[in-house]
J.: 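One structure is given below, represented as structure tokens, and several questions about it will come after.
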Number of protein chains: 4
Amino acid sequence: MVKCEKRDEILRAALVLIAEHGFHGAPMALIAERAGVGAGTIYRYFENKDVLIIELFREIEGKIKECILKGYSSESPIRERFLHLNKKLYRYFIDFPLHFRYVEQYHNSPYGVACRRDKILGEADNQDVFLKLFEDGLTQRVLKDLPLLILFSLAFGPMVFAVRDHIFGFFELNDTLIEQVAEACWDGIKR
Amino acid sequence: MVKCEKRDEILRAALVLIAEHGFHGAPMALIAERAGVGAGTIYRYFENKDVLIIELFREIEGKIKECILKGYSSESPIRERFLHLNKKLYRYFIDFPLHFRYVEQYHNSPYGVACRRDKILGEADNQDVFLKLFEDGLTQRVLKDLPLLILFSLAFGPMVFAVRDHIFGFFELNDTLIEQVAEACWDGIKR
Amino acid sequence: MVKCEKRDEILRAALVLIAEHGFHGAPMALIAERAGVGAGTIYRYFENKDVLIIELFREIEGKIKECILKGYSSESPIRERFLHLNKKLYRYFIDFPLHFRYVEQYHNSPYGVACRRDKILGEADNQDVFLKLFEDGLTQRVLKDLPLLILFSLAFGPMVFAVRDHIFGFFELNDTLIEQVAEACWDGIKR
Amino acid sequence: MVKCEKRDEILRAALVLIAEHGFHGAPMALIAERAGVGAGTIYRYFENKDVLIIELFREIEGKIKECILKGYSSESPIRERFLHLNKKLYRYFIDFPLHFRYVEQYHNSPYGVACRRDKILGEADNQDVFLKLFEDGLTQRVLKDLPLLILFSLAFGPMVFAVRDHIFGFFELNDTLIEQVAEACWDGIKR
DNA sequence: GATGAATGAGCGTTCATTCAT
DNA sequence: GATGAATGAACGCTCATTCAT
């Protein structure tokens, strides 16, 4: 599947350049060069730069979901489910720092806003594992009686800062620490 | 003072455009037009675009600090100090959503990283109110025994998500809710 | 080779515009227009305007050297060698007046000074035909015992004025006259 | 005469900046600053930058003439007159290197061409001391039978190179050397 | 008369996108 | 299908000149 290899190379090159230098620090010509393809070739796989950026985000999002859902059971107790998702996410971002930085860049851009709006206002079948978890937690009266988005913020907001500081080398986020942060977040949302 | 009015117009125009469209969505020519000045005029007040961006950040940072320190006493109990800072910050960002969006953009850029690095690795006398608070909290054994940066993440990470969702209109962040979130964050960091 | 044609068109356009209007009288946009290419195309061949200017000089310098060395033998008597170089150079500049004006502009610019410094302070193996000639002339005690740079000035200084006045049409510099000027210069440097 | 002091300061500032950095390296604002006047003030004394440049050249030209004509007698023998002018000119340029560099820049610009054209095609009463000297030399059959402009080139062309190399520090042009070069130039033009 | 803040045309340069090969 | 040379609009920035004070 030669075609897909090229597409993957382009996505990989875009990931590295954008994660490290931001959207404007990643000209199409450089992405092409890094991917080992011609500049025009990118446009065979992606309509334009915006589409490339959005599709790359979707791919990363998909990988993240796949990873954190491994071993996840929506039948388990709320606490367990929460800790599972939280810790897996920490591990993922620490293992794939470029993904973290890309996703961060993405969310701080016009794309990100639209994306978030879609997700939140999206249809039920498209619903997030996270929101499902919090809904269950509310129903079971295990979590504080707060809006879903607030619970989400309390649960995953700290991660953005913590992972960023870890990636930039301000401190070391090891397994013990991840465990502790996850527990602390649980303290924040549990009733 | 006519001179300062012009400078302020430029800063205000930059704030609006950058907050709404990002750094690249705010060309100097547009900032000038919106500020009602000639393109070259900006350069009488700011050496270049980078300097404009950095000075705007510093001005906002100053206003934020001034606001949240109003009525703040570093002699009060940790809990009270924390809730004061946390709630004031929520209020500030809700009252000045453009400031919030600007600061967010800023922190997700080379400027922001350098700035964060300076702040974290800064000298003790230059220290942040926030870090001071957490240090005191650790000394008094009121807070969980976690690295300062983790405590910071737990305390203020949720705000980024919550305020963003509020500004984008996904839900209403009223005083009651702010109170509850602040308390929840306290639950996250208190021993 | 189509590629080189474009590069040559750019160099030719730059030559004409700079020779006639100076470095600032030759904006890149105008060079591009005259060369029949897009403005950005220039940058595929030359890193920036400075590089374009320098490379154009090197090309001209190369052509000059190639031309004047045709039929030149460093084994001939000093006088013959001198007259050969001198007259060939006159002919060249009369045949390519744009080259003359370009080289003049170049030498009266930061580029030119640096270039001259390099040439003068250059290593022996890199040495100029002219300096070699004067060194030989000194060794053989055929020339006045003066510094090399003075001999050079005496030998080629007059050419700058004479060719310039010819090009601007103030008088006609024909073969007889060239012969006479060359002889007069020889009178100036010979012992 | 306060007004003239300001005018002189402007001319002096322009001289230094243009001599050292060229016409484009000398923005009006910088000239004004260096002259200790407001930017707009320059336009009270000079219609625009071109006029300033031209008038500065005229002033320098006047000073040069005044200097070299000191002790000059058009009744003296040709050789003596020539050596007098030649050596005085060397001395002048060595004493006022900024004047030399300014005049050089000027001659390599659209201004210079027009200026030279005017002088050469100018009326008899406006005639140059130099041309007068060569005319006399021809009449007296002391000089080679060559066009005036050629004689001029032979006589003063070497100076441009020699002084330039001296100013840039490539060698030291002392009194003995000046004497020798002047004599060598005489050898070039004398019959 | 003197000022210097303000101007905006024009510069060198970049880069997403196209299209002939 | 793949290429990469070519494009030109748009960028950040400079500076000769103007004009209200």
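Each chain gets a letter, A, B and so on, in the order the sequences are listed, and its residues count up from 1. In this text the structure is predicted, and so the values were computed from the model without any measurement. Values below: all heavy atoms of this structure, side chains included; hydrogens, waters and symmetry mates excluded.
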J.: Looking only at side-chain atoms of D/Tyr43, point me to the closest of F/dT18, F/dG8, F/dG12.
T.: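 When the side chain of D/Tyr43 is considered, F/dT18 is the closest of F/dT18, F/dG8, F/dG12.
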J.: Answer yes or no: is there a side-chain heavy-atom contact under 4.5 Å between D/His107 and C/Glu104?
T.: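 They are not in contact (no side-chain heavy atoms under 4.5 Å apart), so the answer is no.
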J.: Side chain of B/Arg44: nearest nucleotide among E/dA5, F/dA2, F/dA5?
T.: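 Per side-chain heavy atoms of B/Arg44, the pick is E/dA5.
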J.: Between F/dT17, F/dA9, F/dA2, which one does the side chain of C/Ala39 approach most closely?
T.: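 For the C/Ala39 side chain, the nearest candidate turns out to be F/dA9.
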J.: I want to verify a distance call: between E/dA2, E/dT7, E/dG12, whose nearest atom is closest to the B/Val37 side chain?
T.: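 From the listed options, E/dT7 comes nearest.
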J.: Only stems of 3 or more consecutive Watson-Crick or G-U pairs count here, both distances under 3.5 Å; name the ones for DNA chain F, or none.
T.: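 When the pairs of DNA chain F are grouped into runs of at least three, the stems are E:2-21 with F:2-21.
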J.: Just the rounded figure in Å: distance from P of F/dA16 to CD1 of D/Ile53.
T.: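 Rounded to the whole Å, the gap is 9 Å.
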J.: For C/Glu59, does the CD atom sit with more than 12 other heavy atoms under 6.0 Å from it, leaving out its own atoms?
T.: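 Above 12, so yes.
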J.: How close or far is atom P of E/dC11 from atom NE2 of C/His21, stated in whole angstroms?
T.: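 It works out to 13 Å between those atoms.
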J.: Take the protein atom OH of A/Tyr45 and the nucleotide atom P of F/dG1, then report the distance between them rounded to whole Å.
T.: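 A/Tyr45 atom OH is separated from F/dG1 atom P by 8 Å.
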J.: Search all heavy atoms of B/Tyr102 against all heavy atoms of B/Ile60 and return the closest pair with its distance.
T.: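 Minimum heavy-atom contact is CD2-CD1, 3.5 Å.
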J.: For the side chain of A/Lys49, counting heavy atoms from C-beta on, which of E/dT17, F/dA2, E/dG12 is nearest?
T.: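 When the side chain of A/Lys49 is considered, E/dT17 is the closest of E/dT17, F/dA2, E/dG12.
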